[in-house]
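Heads up: the structure comes next, in structure tokens.
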Amino acid sequence: MGPIYSLDDFLDLLRRRARLILSVIFLGCIVSVVFALMQQHMYQSAEVIQIEQPTIANDLAPSTVEGSSARRLQLIEQQLMARDNLIGMIDKFGLYENASGLRLSEKVDLLRSAVTITGVAAAREGFADDGTISVLTITAEMDSAEQAQAVAHEFANRTRALSATQREEQTRETLEFFERQEANIVRDIAALEQELQAFRSKNDLSIEGSLAFRRDEISSLNTAILALDRDIIAAQLARTRFDPSARAATVKRLEDEIDAQLASLTSQRTLLNERRTALKESLQTSPEIDRTLASFDRRMDQLQDQLEVISTRRNEAEVGFSLEAAARGERLITLEEAQVPDYPYTRSRKIVALLGGMASVIAAIALAFLLDLRHPVLRTARQMERETGLRPVIVIAEAVKLKGRTARMARKAQAAKA
């Protein structure tokens, strides 16, 4: 401890530096009181929001809102902390009106640092972390208890509104996207059908139907012509097998019947043959037309497959939109509403002043001790013996220089003794 080795040395230090110590303590107490009076009490209010999972399982009615709740809430927090939104909050609640010297940008920074949004992750299922948030806490710190409660409640309301709006907009945009895709594919199918019809008309293919149908018809005509040929041969054979002993009138009648039958069969065969010839001529298409028709068929099949997929996804989007419109999806509900705080969370002014006074006392004693260290002096016989090992023979008391009236009175006393 330098020059202080005992309680007597410490008390002697206090006695010798009493004026300095008291002055420092007095000034420190004044500064502490002023600093305590300048301190602004801060109030804290928090609102707790619970993130409720969809009432209907995703396996039964999947939602079209993708992404984890943590990512969506992060986007909402960024929107809430945007400059325009914070300026609207400042104007609405009249925040920082007492701080007239602050610029608007400084007020925005103060509000941004005064509001804290904290999320608590939900319990994991297995080893995978799906980024689900179970509880969201919004805390506001203000110099007024009412403003702290109002700001926390307003941020919570805007968080719930933004969450519901974003989910509904996302499902609506998804549904509109698939509806537009479906309408585009239907339009492409109609245009392809018109193009195919025009191609068939141009190449004289639309009247007789498709190629497969005409080939089947030719096969049927071949079968019918073959049957007619058998009947004609049978009739011709029957005409040569008349009984020669029969009467001439009977033979004449039978020949006329067979001739009539042959004429009818021949006429039928001629008509069928003409039909078959016309169909064969219509089938004499070029390879380029066949390739074009096959290309039309492939394009139509692709469009039909796309339409089926888009229709399925559009139905799912309609289910997701219905869930969000009926508030059956993920919801943010108030678990604990923000309350007006009863007490500030900052330290009391009395405690601040008391701590400042204690610090002033410590600083005063430390200053006195440092001054003694800068100017070390052996003031007592005990100090001299302790420092040098020599015991002084004579101790002369400190001569105190008297001033003013006290000096004159001392001189008069000495003259009277003389």
Side-chain angles (χ1 to χ4, degrees), residues 40-55 63 65-99 104-123 129-172 323-346:
Q40 179 67 47
H41 283 312
M42 298 298 294
Y43 296 86
Q44 189 178 82
S45 181
E47 185 157 335
V48 181
I49 299 175
Q50 183 180 13
I51 302 175
E52 193 177 54
Q53 296 301 314
T55 56
S63 176
V65 180
E66 297 294 335
S68 62
S69 56
R71 181 168 298 178
R72 290 195 299 274
L73 292 175
Q74 185 180 20
L75 296 176
I76 291 175
E77 180 180 357
Q78 293 172 356
Q79 294 180 5
L80 290 175
M81 295 302 175
R83 176 183 175 85
D84 294 339
N85 185 67
L86 295 179
I87 291 176
M89 297 280 287
I90 293 173
D91 296 336
K92 181 177 181 179
F93 297 104
L95 304 178
Y96 309 113
E97 289 183 345
N98 297 331
L104 183 59
S105 59
E106 294 175 341
K107 293 181 180 180
V108 170
D109 293 337
L110 286 177
L111 180 58
R112 185 177 287 124
S113 61
V115 178
T116 305
I117 301 177
T118 306
V120 178
D129 187 5
D130 55 358
T132 303
I133 301 296
S134 61
V135 176
L136 193 68
T137 304
I138 300 176
T139 306
E141 299 176 359
M142 293 290 157
D143 55 0
S144 171
E146 291 76 12
Q147 287 184 348
Q149 185 271 339
V151 171
H153 187 64
E154 182 66 19
F155 267 90
N157 288 338
R158 295 193 180 189
T159 300
R160 288 189 291 268
L162 283 175
S163 177
T165 302
Q166 286 184 356
R167 292 183 65 87
E168 186 174 353
E169 287 181 355
Q170 187 171 353
T171 54
R172 181 186 295 107
L323 288 176
E324 296 300 330
R328 299 294 183 182
E330 182 182 278
R331 294 186 302 165
L332 273 64
I333 61 175
T334 301
L335 190 63
E336 183 178 339
E337 190 173 353
Q339 302 295 327
V340 178
D342 297 326
Y343 304 99
Y345 73 92
T346 53

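Position 1 is the first residue of the sequence, and the numbers go up from there. Everything numeric here is computed off the predicted structure, so don't read it as measured data.
- The shortest distance between side-chain heavy atoms of Ser134 and Val120 falls below 4.5 Å.
- The closest donor-acceptor contact from the side chain of Thr116 to the backbone of Thr139 lies at 3.5 Å or more, if one exists at all.
- In this structure the side chain of Arg158 reaches within 4.5 angstrom of the side chain of Asn85, judged on heavy atoms.
- Within the 4.5 Å cutoff, the side chain of Asp143 has no heavy atoms near those of the Tyr43 side chain.
- Between Lys107 and Glu97, none of the side-chain N atoms (NZ, or NE/NH1/NH2) sits under 4.0 Å from a carboxylate O, so this pair counts as no salt bridge.
- Proximity of a side-chain donor or acceptor of Arg112 to a complementary backbone N or O of Met81 within less than 3.5 Å is detected.
- Looking only at side-chain heavy atoms (C-beta outward), Leu111 and Tyr96 come within less than 4.5 Å of each other.
- Counting only heavy atoms from C-beta outward, the side chains of Phe93 and Glu154 approach each other to under 4.5 Å.
- Side-chain polar atoms of Gln79 and Gln166 form a donor-acceptor pair below 3.5 angstrom.
- No side-chain heavy atom of Ile138 sits under 4.5 Å from any side-chain heavy atom of Thr118.
- Residues Val115 and Met89 are not in side-chain contact: their nearest non-hydrogen atoms beyond the backbone lie 4.5 Å or more apart.
- Judged purely by distance below 3.5 Å, without hydrogens or angles, the side chains of Arg83 and Ser105 never pair a donor atom with an acceptor atom.
- The shortest distance between side-chain heavy atoms of Leu332 and Gln50 does not fall below 4.5 Å.
- Other residues, nucleotides and ligands contribute over 12 non-hydrogen atoms within 6.0 Å of the CG atom of Asp109.
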